[in-house]
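Hydrogens, waters and symmetry mates are skipped; everything else that's a heavy atom, side chains included, is used. Since the model is a prediction, treat every value here as computed from it, not as a measurement. A note on names: the letters A, B, ... follow the listed sequences, proteins ahead of strands, and every chain is numbered from 1.
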There are 2 protein chains.
Amino acid sequence: MNMVLNNNSVEKTMLNAIKQEMPDINTLFSLAELYKVFGDTTRIRIMCALFNRELCVFDIAEIIEMGQSAVSHQLRILRSAHLVKVRKDGKQSYYSLDDDHVKEIFHLGLEHITEEK
Amino acid sequence: MNMVLNNNSVEKTMLNAIKQEMPDINTLFSLAELYKVFGDTTRIRIMCALFNRELCVFDIAEIIEMGQSAVSHQLRILRSAHLVKVRKDGKQSYYSLDDDHVKEIFHLGLEHITEEK
DNA sequence: TCAACGAATGAACATTTATTCATATGTTCA
DNA sequence: TGAACATATGAATAAATGTTCATTCGTTGA
């Protein structure tokens, strides 16, 4: 028998079992994509401003003190992640949070960082 | 009175009120930093492998099919975000999740992406 | 109809980030 | 002690990302 043994903590068959039980790679990829969207201060601030109200692009830009273009670009990213939604009214686009998950994810993250040693 | 009026949805005073109620910028920055760590498929997969057990670096590398060096680099990032912790035993370093938040954040994210239209 | 305005978009640039390769560190055991 | 091994780390490279600037699109109202 020409079996290759590894001398690590876990047996080869066990490693394979762990591989099997992992969620499929596409799911994990989507998950990473979602968190990537949360992983930017500008987008976090935008979501934060939208916590209790809808706002148009110009007002968001004022609140977070950034240019209209930058805000608009980030809003597109937030939109495609289904984190914010738009309502158009005349010349303006009003954005609001799309989903309760946003607040929940936000709060969980806060818990983690405030509990840090 | 030389007050500049804006003709957007919300009055200037209201905008300032919203600015005031925003969490301070350092908190939001840390929050973004935390989610940035979740925002990478390799790190997500590592955390996932560690969901129910501790593993040494070599085994993690086997499970997620990446090089030892890449895994080690990512573990350092996870460690400094307090998401995983190490226990050293002889030649090996055993990593495990540091915190229940990891699982909670993970599951919330999964909920969000599976509910998408 | 056309000027003014709010928002969206594309291209360019600078910065950040993940991976790889090579090497260093630290531990075990022969 | 020194060879073998597990892990960590530094430098280099390639790829991804955020912001800015310039421009376009779409709507309003004079």
Checklist line | With B/Lys85 via side-chain contact (heavy atoms from CB on, under 4.5 Å) - residues at least two apart | finding: B/Ser96, B/Asp98
Checklist line | salt bridge (Lys or Arg N to Asp or Glu O under 4.0 Å) involving A/Arg87 - partner list, sequence neighbours excluded | finding: A/Glu54
Checklist line | Whole-Å distance separating the CG atom of B/Asp59 from the C1' atom of D/dA6 | finding: 11 Å
Next item on the list: Nearest whole angstrom, please: distance from the P of D/dT17 to the OH of A/Tyr35.
Entry: 18 Å
Notebook entry, point to check: Between D/dA8 atom C1' and B/Ile60 atom CD1, what is the distance in whole Å?
Noted result: 14 Å
Checklist line | Atom pair distance, as rounded to whole Å: CD in A/Gln92 and C1' in C/dC5 | finding: 9 Å
Check: For A/Asp100, does the CG atom have more than 12 heavy-atom neighbours from other residues, nucleotides or ligands under 6.0 Å away?
Finding: no
Next item on the list: State which residues pass ring pair (Phe, Tyr, Trp, His ring centres under 6.0 Å) with A/Phe29; sequence neighbours excluded, sorted by chain then number.
Entry: none
Next item on the list: Calculate the interatomic distance between A/Arg76 atom CZ and D/dG18 atom P; express it in whole Å.
Entry: 10 Å
Check: For B/Ala61, which residues count as a side-chain contact (heavy atoms from CB on, under 4.5 Å) partner, sequence neighbours excluded?
Finding: B/Val71
Notebook entry, point to check: Toward the 5' end of DNA chain D, which comes first, A/Gly39 or B/Val86, by nearest nucleotide?
Noted result: B/Val86
Next item on the list: Could you list the residues that satisfy ring pair (Phe, Tyr, Trp, His ring centres under 6.0 Å) with B/Phe38, not counting sequence neighbours?
Entry: A/Tyr35
Next item on the list: Name all residues meeting the ring pair (Phe, Tyr, Trp, His ring centres under 6.0 Å) criterion together with B/His107; count only those two or more places apart in sequence or in a different chain, and write none if there are none.
Entry: B/Phe51
Check: How long is the line joining OH of B/Tyr94 and P of D/dA6, in whole Å?
Finding: 10 Å
Could you go through nucleotides 24-30 of chain D and list every protein N or O atom that sits under 3.5 Å from one of its N or O atoms, giving the distance for each pair?
none

Checklist line | Contacting residues from residues 67-74 of chain B, given that a heavy atom lies under 4.0 angstrom of DNA chain C | finding: B/Ser69, B/Ala70, B/His73, B/Gln74
Any protein N or O atoms within reach of nucleotides 13-17 of chain C? Criterion: under 3.5 Å, listing atom names and distances.
none

Checklist line | N/O donor-acceptor pair under 3.5 Å between A/Ser72 side chain and A/Gln68 backbone | finding: no
Next item on the list: Establish whether A/Ile64 and B/Ile25 are linked, either directly or via other cluster members, by ILVMFWY side-chain heavy-atom contacts under 4.5 Å.
Entry: no
Next item on the list: Figure out the CD1/C1' separation between B/Ile46 and C/dA18, and round it to whole Å.
Entry: 11 Å
Notebook entry, point to check: Choosing from C/dA7, D/dT19, D/dA8, which nucleotide comes nearest the side chain of A/Thr42?
Noted result: D/dT19
Next item on the list: Taking only the side-chain heavy atoms of B/Arg79 (C-beta and beyond), determine which of D/dT19, D/dA8, C/dT9 contains the nearest atom.
Entry: D/dA8
Notebook entry, point to check: If only atom types and distance count, is the side chain of A/His112 paired as donor or acceptor with the main-chain N or O of B/Ala81 below 3.5 Å?
Noted result: yes
Notebook entry, point to check: Paired with C/dT1: which nucleotide, if any, by Watson-Crick or G-U wobble criteria at under 3.5 Å for both distances?
Noted result: D/dA30
Notebook entry, point to check: Once you round it to whole Å, what is the distance between C1' of D/dA6 and NZ of B/Lys88?
Noted result: 10 Å
Check: Hey, does the side chain of A/Tyr95 come within less than 4.0 Å of C/dG6's phosphate (OP1/OP2), counting only N and O?
Finding: no
Next item on the list: Would you list the pairs meeting salt bridge (Lys or Arg N to Asp or Glu O under 4.0 Å) in which at least one residue belongs to residues 15-26 of chain B, sequence neighbours left out?
Entry: A/Arg53-B/Glu21, A/Glu65-B/Lys19
Next item on the list: Please collect all salt bridge (Lys or Arg N to Asp or Glu O under 4.0 Å) contacts where either partner lies in residues 28-45 of chain A, sequence neighbours excluded, each pair once.
Entry: A/Glu33-A/Lys36
